[in-house]
Amino acid sequence: MTTTGETPVRLTQFAHGGGCACKIPPGELEEVLGSLTAAPPVPSRAALLVGAATGDDAAVVRLPAAADGGTQGMAMVCTADFFTPVVDDPYDWGRIAAANALSDIYAMGGRPVLAVNLLAWPREVLPFALAREVLRGGLDIAAEAGCHVGGGHSVDDPEPKYGMAVTGLADPARLLRNDTGRPGVPLSLTKPLGLGVLNNRHKATGERFEQAVATMVALNRAAAEAALAAGATCATDVTGFGLLGHLYKLARASDVTAVLDTAAVPYLDGARQAVRDGYVSGGTRRNLEWVTPFTDFGTTDEDTRLLLADAQTSGGLLVAGEVPGAPVIGELRPRGTHALVLR
């Protein structure tokens, strides 16, 4: 918690939602995007390798060869991600938001090169000293990732928001995509779940959960490198749509059924208690509602279903393949009656 003069400032109280839980619900978003027609082809030698069709983590374009051949064979990865305060500490919020934005590049198998800040700030309500701390947190995480930050864009907004637009590079022959899953491949998860319910408890009570902050600021760089080294081609990161939501998108895009071993899924300390105590966001409940028609829940209890749909912020990578050090939580099988099956 930061103080201004004698008054404590709790950033989470200035937002209607927190972190990736403030995303537009997946069902509503798909309804909007589904009504859009494809734009005319761009008159360029660049080729769009990954676009909006599969709802992947970032867009990828094959770069045309430069005159000196320096960019030949490379692909550019582009993404943008920003959200309302997920924690009260401005520096931590900046670090979390930056790690979350960079994660989209890692989830595609790329490395971030350049980022620009995206800042919305209620300039007549919150002091700019807090905004400076938010930006400092973002700079520090970008530096850890070896990514330049080249300015950005800011607006006066009644609700504080922060994030980054990030550009990266990748080998087009070694991308991680959400539509390349194949039957018989195991599923690995590189960070535990429970960030959403712990963040919601933090917003409601002011309790600080160091294990959640440490998880959210951790870059997914090592996980992406390990996945590529293991020969993986299919992955996504787990953020606002929860594990079930992102797993459903992967299964649908790859035309497979994902079988989840619920007992193998890791959780942060305190996550299950937070669910029992009622700290479940509306975004999590909307995630669960969205996947329910496509899911065989078996005998999975309601608390576990909510945790599996928990709206994560800066979560881990969900990889089709075995990643050293990460638990295997299920496998992909030939497409059956349901896209998701819980065991």
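- Between the T284 side chain and the A311 main chain, a donor and an acceptor come within less than 3.5 Å of each other.
- Atoms CD and CG, on Q312 and L307 in that order, are 8.5 Å from each other to the nearest 0.5 Å.
- Residue L118 comes nearest to A80 through the heavy atom pair CD1-CB, 4.4 Å, listed as atom of the first residue, atom of the second, then distance.
- Atom CG of L342 is separated from atom CG of L308 by 6.0 Å, given to the nearest 0.5 angstrom.
- One finds the CG atom of D89 at 12.0 Å from the CZ atom of R10 (value rounded to the nearest 0.5 Å).
- With sequence neighbours left out, the salt bridge (Lys or Arg N to Asp or Glu O under 4.0 Å) criterion links R333 to E331.
- Hydrophobic clustering (side-chain heavy atoms under 4.5 Å, transitive across Ile, Leu, Val, Met, Phe, Trp, Tyr) keeps V116 apart from V113.
- L126 and V86 fall within the same hydrophobic cluster, defined by Ile, Leu, Val, Met, Phe, Trp and Tyr side-chain heavy atoms under 4.5 Å apart, directly or through other members.
- Residues F83 and V217 are members of one and the same hydrophobic cluster, defined by side-chain heavy-atom contacts under 4.5 angstrom among Ile, Leu, Val, Met, Phe, Trp and Tyr.
- Checked by atom type and distance alone, the side chain of D81 never pairs as donor or acceptor with a backbone atom of A98 at under 3.5 Å.
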### H246 and T239: CA distance, side-chain angles, deciding distance, side chain to side chain donor-acceptor pair (under 3.5 Å) verdict
CA-CA 8 Å; H246 290 284; T239 56; 3.2 Å; yes
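- Side-chain atoms of K191 come within 3.5 Å of backbone atoms of S314 as a donor-acceptor pair (strictly under, hydrogens ignored).
- If you take OG1 on T304 and CZ on F297, they are separated by 11.0 Å, rounding to the nearest 0.5 Å.
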For a quick test of your reading: what N or O donor-acceptor pairs under 3.5 Å do the side chains of residues 168-185 make, sequence neighbours left out?
unit_1: D171; atom_1: OD1; unit_2: A173; atom_2: N; d: 2.9
unit_1: R174; atom_1: NH2; unit_2: L228; atom_2: O; d: 3.2
unit_1: R177; atom_1: NE; unit_2: D179; atom_2: OD1; d: 2.9
unit_1: R177; atom_1: NH1; unit_2: L49; atom_2: O; d: 3.2
unit_1: R177; atom_1: NH2; unit_2: D179; atom_2: OD2; d: 3.0
unit_1: N178; atom_1: OD1; unit_2: T54; atom_2: OG1; d: 3.2
unit_1: N178; atom_1: ND2; unit_2: T54; atom_2: O; d: 2.9
unit_1: T180; atom_1: OG1; unit_2: T233; atom_2: O; d: 2.8

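- Residue L317 belongs to a hydrophobic cluster whose other members are V319, V323, with links defined by side-chain heavy atoms closer than 4.5 Å.
- Distance alone, capped at 3.5 Å, places no donor-acceptor pair between the S254 side chain and the A251 backbone.
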Distance-only donor-acceptor hits, side chain of residues 131-145, under 3.5 Å, sequence neighbours excluded:
unit_1: E133; atom_1: OE1; unit_2: R136; atom_2: NH2; d: 2.8
unit_1: E133; atom_1: OE2; unit_2: R136; atom_2: NE; d: 3.0
unit_1: D140; atom_1: OD2; unit_2: Y91; atom_2: OH; d: 2.6

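- Exactly one residue among L340, L189, L244 makes a side-chain contact (heavy atoms from CB on, under 4.5 Å) with L260. That residue is L244.
- In this structure, K161 NZ and S154 OG are separated by 13.0 Å, a value rounded to the nearest 0.5 Å.
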### Task
For side chain to side chain donor-acceptor pair (under 3.5 Å), just list the numbers for T295 and T292, CA-CA rounded to whole Å, side-chain angles, deciding distance to a tenth of an Å, and then say yes or no.
CA-CA 5 Å; T295 305; T292 292; over 6 Å; no
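- Separating the CG atom in L318 from the OG atom in S188 is a distance of 8.5 Å, to the nearest 0.5 Å.
- Evaluation of the side-chain hydrogen bond (donor to acceptor under 3.5 Å, both in side chains) rule for T79 yields D104 as partners, not counting sequence neighbours.
- Minimum interatomic distance between P112 and V166 (heavy atoms only, all atoms of both residues): CB-CG1, 3.9 Å.
- Residue pairs meeting the salt bridge (Lys or Arg N to Asp or Glu O under 4.0 Å) criterion with at least one partner in residues 297-317, sequence neighbours excluded, are absent.
- The side-chain contact (heavy atoms from CB on, under 4.5 Å) with Y106 is formed by just one residue from the set D57, L219, V77; it is L219.
- Evaluation of the salt bridge (Lys or Arg N to Asp or Glu O under 4.0 Å) test over residues 254-274, restricted to residues two or more places apart or in two chains, returns D255-R335.
- Although no hydrogens or angles enter the test, the distance criterion places no donor-acceptor pair under 3.5 Å between the side chain of N100 and the main chain of T313.
- Placement of V9 and Y162 within a single hydrophobic cluster is found when ILVMFWY residues are connected by side-chain heavy-atom separations under 4.5 Å, directly or transitively.
- Residues satisfying the salt bridge (Lys or Arg N to Asp or Glu O under 4.0 Å) test with E210, not counting sequence neighbours, are R208.
- Ring geometry for F128 versus W121: interplanar angle under 30°, hence parallel rather than tilted (30 to 60°).
- For the 3.5 Å distance criterion, the side chains of T257 and H338 fail to qualify, holding no donor opposite an acceptor.
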#### Entry: Verdict with reasoning, N220 to T190, per side chain to side chain contact (heavy atoms under 4.5 Å, CB included)
CA-CA 8 Å; N220 280 325; T190 67; 4.1 Å; yes
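- Residue V259 is found in a hydrophobic cluster whose other members, listed by chain and number, are V341; membership requires side-chain heavy atoms under 4.5 Å apart, directly or through intermediates.
- Listed here is the closest heavy atom pair of P192 and T215: CD-CG2, 4.5 Å.
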### Task
Could you give me the CA-CA distance, side-chain angles and deciding distance for T84 and E159, then say whether side chain to side chain contact (heavy atoms under 4.5 Å, CB included) is met?
CA-CA 7 Å; T84 52; E159 191 174 56; 3.4 Å; yes
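- Between M164 and N117, the shortest heavy-atom contact is CE-OD1, 3.5 Å.
- Both F14 and V87 are members of a single hydrophobic cluster when ILVMFWY side chains are connected at heavy-atom separations under 4.5 Å.
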### Task
Decide side chain to side chain contact (heavy atoms under 4.5 Å, CB included) for F241 and K249; before the verdict, give the C-alpha distance in whole Å, the side-chain angles of both, and the deciding distance to 0.1 Å.
CA-CA 10 Å; F241 300 153; K249 290 177 68 176; 3.9 Å; yes
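- Scored by the salt bridge (Lys or Arg N to Asp or Glu O under 4.0 Å) test, R123 finds D156 as partners (sequence neighbours excluded).
- G194 and L268 make their closest contact through C-CD1, 4.2 Å (heavy atoms, listed as atom of the first residue, atom of the second, distance).
- With sequence neighbours left out, the ring pair (Phe, Tyr, Trp, His ring centres under 6.0 Å) criterion links F294 to Y248.
- Within the 3.5 Å criterion, the main-chain N or O of A212 finds no donor-acceptor partner in the side chain of H202.
- Shown here are the salt bridge (Lys or Arg N to Asp or Glu O under 4.0 Å) partners of R201, two or more places apart in sequence or in another chain: E207, D277.
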